[in-house]
Amino acid sequence: MESFGVLVPILALSIPVVAIVMSGLRKMAEARVEEARIKASAGGDGTETAALREEMDDLRRELGEVQERLDFTERMLMQVRDNQQLPPRA
């Protein structure tokens, strides 16, 4: 009978711990389900993603053109600067 008296407090203290653990596991499962739902809805039919990819490609192309123009301008400025630093011919 004494062993039963020891088990009662252990059982009484373990019930809240088990409840907290189970609640945490339930919340984690709900978060995973919600994340999967969001990922599935974000994919959709893919038209928005395709449009964004196309716009990104356009921006990359424009950026490449701007970089080429900048390189050209830098070369021209270097030529002008080099020509100004050369001593005049005698």
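Worth saying up front: this structure is predicted, and the values here are computed from it rather than measured. What you see below is based on every heavy atom in this structure, not just the backbone, and it leaves out hydrogens, waters and symmetry mates.
- Around atom CD of E30, more than 12 heavy atoms belonging to other residues, nucleotides or ligands sit under 6.0 Å away.
- Ion pairing between R37 and E34 holds under the 4.0 Å rule for side-chain N and carboxylate O.
- With hydrophobic clusters built from ILVMFWY side chains whose heavy atoms lie under 4.5 angstrom apart, I20 does not share a cluster with V17.
- No more than 12 heavy atoms of other residues, nucleotides or ligands shown are found within 6.0 angstrom of CD on E55.
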> Are L77 and T73 close enough, and set up right, to give a side chain to side chain contact (heavy atoms under 4.5 Å, CB included), and what steps lead you there?
Replying inline: CA-CA 6 Å; L77 288 173; T73 305; 4.2 Å; yes
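- No donor-acceptor pair under 3.5 Å is formed between the side chain of S23 and the backbone N or O of A19.
- Note that CD of E65 and CD of Q67 are 11.0 Å apart. Values are rounded to the nearest 0.5 Å.
- In this structure, the side chains of E74 and D71 come closer than 4.5 Å at one or more pairs of heavy atoms.
- With rounding to the nearest 0.5 angstrom, the CG atom of D57 is 8.5 Å from the CZ atom of R61.
- Annotation: the span from Q79 atom CD to R75 atom CZ amounts to 8.5 Å, rounded to 0.5 Å.
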